[in-house]
Undergrad: 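Sending over a structure as structure tokens; questions will come in a sec.
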Amino acid sequence: NTNYETLLFEVENEIGVITVNRPKALNALSEQVHSELNALLKEFKNLNKDYSIAKGLILTGAEDKAFIAGADIKGMTTMTAEQAESFARLGQENTLLFESLNVPVIACVNGYALGGGCEMAMSCDFIYGTKTAVFGQPEVKLGLIPGFGGTQRLSKLVGRNRAKEITYSGRNVGVEEAKEIGLVVAIFETKDEMLESAKTYLSKMMRNSPHAILEAKRVMNEGNDLTISEGLNVEAKAFGAIFNSDDMKEGTKAFVEKRKPVFTGK
Ligand code: CO8
């Protein structure tokens, strides 16, 4: 199903692009956006087990001005505490879905990635930004706190104390600073250039073993919540299990035979 009102989904050369498409509200995350994203991500996860849809994903925002300017503030003005909690949980479920997909996801941030926008970007595998990209968790300016994972993931990404400084002030973090603190991995002149580079990266990466990338993603995400010794245990188990994969047999055999490997993702 690709009939969404607030999202666009296109696949070209085995790379899917999800575009949040509410430019009049700077792509703010209404309940409808999160519900549609939830349906799309679940369907993608279900149908892409054998990589028949895509081997990589990009998340971006329609037009140039905003990636996602946050949760929809107008929609929140009439919410009860109960409704707000379930809205937060729906958004959080979507961040966990991005982390559980079997393909890498690059957030391509054009313009504003504030509040919920910054939170969605942080749940992707990594973030590219245009030179106009702006990050921040401005919730406290509205009497709110981050609710789609921002109190947790920003600390993990940039360190707790820096995350506190950014969150308490609600200030904008420009793209240069975002790169310095490790939030953004690369800066591009234009949105088109950024999307092209993301597609090129994902295409090159696709020549590596999809199964190994999936396992690296899973172990790295799991390790984020564990102690070093628990994390090393997860790594050792996965390292052992990967020796039963076709991709591992093919990759090592191809090296010895001095030829290019042909990976199946199994
Ligand atoms: N929600 C709803 N509408 C928005 C949002 C938003 N977050 N951001 C922008 N818009 C709308 C504006 O209302 C405006 O609509 P209209 O033309 O109908 O008045 C349109 O988009 C264009 O915006 P502006 O005219 O304000 O554009 P500017 O270029 O002047 O300013 C800014 C751009 C600086 C991005 C400004 O729009 C802004 O400050 N937006 C709000 C940013 C923000 O505070 N985001 C955080 C929201 S809270 C949040 O994300 C919490 C996440 C966890 C939720 C947990 C669930 C309970």
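Position 1 is the first residue of the sequence; numbering continues from there. Start at 1 and go down the list; that is how both ligands and their atoms are numbered.
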Undergrad: Which residue supplies the protein heavy atom nearest to atom 40 (N) of ligand 1, what is that atom called, and how far is it?
TA: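 Minimum-distance protein heavy atom for atom 40 (N) of ligand 1 reads A69 O, 4.4 Å.
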
Undergrad: Any side-chain donor paired with an acceptor under 3.5 Å for E230 and T227?
TA: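 Side chains of E230 and T227: pair found under 3.5 Å.
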
Undergrad: Please confirm whether G116 comes within less than 3.5 Å of ligand 1 when only nitrogen or oxygen atoms on both sides are compared.
TA: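 Between G116 and ligand 1, an N or O pair is found under 3.5 Å apart.
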
Undergrad: Answer with side chain, backbone, both or neither: which part of L29 has a heavy atom less than 4.0 angstrom from an atom of ligand 1?
TA: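 For L29, there is no contact with ligand 1 at all, from either part.
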
Undergrad: Taking NZ, NE, NH1 and NH2 as the nitrogens, is one of them in R171 or E177 under 4.0 Å from a carboxylate oxygen of the other?
TA: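 Yes, this pair counts.
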
Undergrad: Within 4.0 Å of atom 43 (C) of ligand 1 (strictly less), any protein heavy atom?
TA: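 Answer yes: something from the protein, a heavy atom, is under 4.0 Å.
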
Undergrad: Measure the distance from atom 53 (C) of ligand 1 to every protein heavy atom, then report the residue, atom name and distance (to 0.1 Å) of the closest one.
TA: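 Scanning the protein heavy atoms, the shortest distance from atom 53 (C) of ligand 1 goes to G147 N, 3.1 Å.
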
Undergrad: Taking the side chain from N102 and the backbone from K45, do they hold a donor-acceptor pair closer than 3.5 Å?
TA: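 Checked: no pair found.
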
Undergrad: Measure from atom 4 (C) of ligand 1 to every heavy atom in A88, A71, A25 and give the option owning the shortest one.
TA: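 Nearest option to atom 4 (C) of ligand 1, by heavy atoms: A25.
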
Undergrad: Roughly how far, to the nearest 0.5 Å, is the CD atom of E63 from the CG atom of N21?
TA: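 Going from the CG atom of N21 to the CD atom of E63 covers 8.0 Å.
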
Undergrad: Are any of the heavy atoms in Q137 under 4.0 Å away from ligand 1?
TA: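 False for this residue.
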
Undergrad: Could you check whether K131 pairs with E189 (Lys NZ or Arg NE/NH1/NH2 to Asp/Glu carboxylate O, under 4.0 Å)?
TA: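 Between E189 and K131 there is a salt bridge, with a charged N closer than 4.0 Å to a carboxylate O.
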
Undergrad: Within a distance of under 4.0 Å, is there any protein heavy atom near atom 30 (O) of ligand 1?
TA: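 No, no protein heavy atom sits under 4.0 Å from atom 30 (O) of ligand 1.
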
Undergrad: Should the pair K266-D247 be classified as a salt bridge under the 4.0 Å nitrogen-to-oxygen rule?
TA: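 Result for this pair is no, no salt bridge flagged.
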
Undergrad: Which atoms of ligand 1 are found less than 4.0 Å from any heavy atom of F87?
TA: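 Going through ligand 1 atom by atom, the ones under 4.0 Å from F87 are 56 (C), 57 (C).
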
Undergrad: Does ligand 1 have any atom sitting under 4.0 Å from a heavy atom of E119?
TA: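 Checking ligand 1 against E119, which is what was asked, there is a heavy-atom contact under 4.0 Å.
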
Undergrad: Do you reckon L57 sits in the same ILVMFWY cluster as L47, going by side-chain contacts under 4.5 Å, direct or chained?
TA: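 Per the 4.5 Å side-chain linkage, L57 and L47 are co-clustered.
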
Undergrad: Ring-plane angle category for Y128 and F188, please: parallel below 30°, perpendicular beyond 60°, tilted otherwise.
TA: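 Because their plane-to-plane angle lies in the 30° to 60° range, the rings of Y128 and F188 count as tilted.
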
Undergrad: Give the residue, atom name and distance (to 0.1 Å) of the protein heavy atom nearest atom 57 (C) of ligand 1.
TA: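 Answer, as residue, atom name and distance: A84 O, 3.4 Å.
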
Undergrad: Tell me if the centroids of the rings in F148 and F87 come within less than 6.0 Å of each other.
TA: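 Yes; F87 has its ring centre under 6.0 Å from that of F148.
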
Undergrad: Can you find a protein heavy atom closer to atom 26 (O) of ligand 1 than 4.0 Å?
TA: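 Within 4.0 Å: no protein heavy atom nearby.
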
Undergrad: Compare L114, I73, D72 and give the one whose heavy atom is closest to atom 41 (C) of ligand 1.
TA: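 The residue whose heavy atom sits nearest atom 41 (C) of ligand 1 is I73.
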
Undergrad: Taking R218 first and then E215, would you say they form a salt bridge - that is, a charged N and a carboxylate O separated by under 4.0 Å?
TA: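 Here R218 pairs with E215 in a salt bridge, since their nearest N and O are under 4.0 Å apart.
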
Undergrad: Tell me the protein heavy atom at minimum distance from atom 28 (P) of ligand 1, and give that distance in Å.
TA: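 Its nearest protein heavy-atom neighbour is K65 NZ, 3.7 Å.
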
Undergrad: Does P138 have a heavy atom less than 4.0 Å from any atom of ligand 1?
TA: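 Checking ligand 1 against P138, which is what was asked, there is a heavy-atom contact under 4.0 Å.
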
Undergrad: Under a 4.0 Å threshold between the charged nitrogen and the carboxylate oxygen, would R259 count as salt-bridged to E250?
TA: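 R259 and E250: salt-bridged.
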
Undergrad: Considering only protein heavy atoms, determine whether one is less than 4.0 Å from atom 6 (C) of ligand 1.
TA: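 It does; a protein heavy atom is within 4.0 Å.
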
Undergrad: Tell me the protein heavy atom at minimum distance from atom 23 (O) of ligand 1, and give that distance in Å.
TA: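 Answer, as residue, atom name and distance: L26 CD1, 3.6 Å.
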
Undergrad: Is M79 in polar range of ligand 1, meaning some N or O pair under 3.5 Å apart?
TA: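 It does not: no N or O of M79 is found under 3.5 Å from an N or O of ligand 1.
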
Undergrad: Identify the closest protein heavy atom to atom 51 (C) of ligand 1: which residue and atom is it, and at what distance?
TA: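 Going by distance alone, atom 51 (C) of ligand 1 is nearest to E139 OE2, 3.3 Å.
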
Undergrad: Which ligand 1 atoms does L142 reach within 4.0 Å, using its non-hydrogen atoms?
TA: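 Listed by number with element: 44 (O), 47 (C), 48 (S).
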
Undergrad: Will you find, in the side chains of R153 and T95, an N or O donor that is under 3.5 Å from an N or O acceptor?
TA: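 Yes.
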
Undergrad: Tell me which protein heavy atom sits closest to atom 17 (O) of ligand 1, plus the residue, atom name and distance to 0.1 Å.
TA: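 The protein heavy atom lying closest is K24 O, 4.6 Å.
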
Undergrad: Can you tell whether the side chains of E14 and K199 come within less than 4.0 Å, N to carboxylate O?
TA: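 So E14 does not pair with K199 through a salt bridge.
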
Undergrad: So which protein heavy atom does atom 16 (P) of ligand 1 come closest to, and at what separation?
TA: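 Result: K74 NZ, 4.0 Å.
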
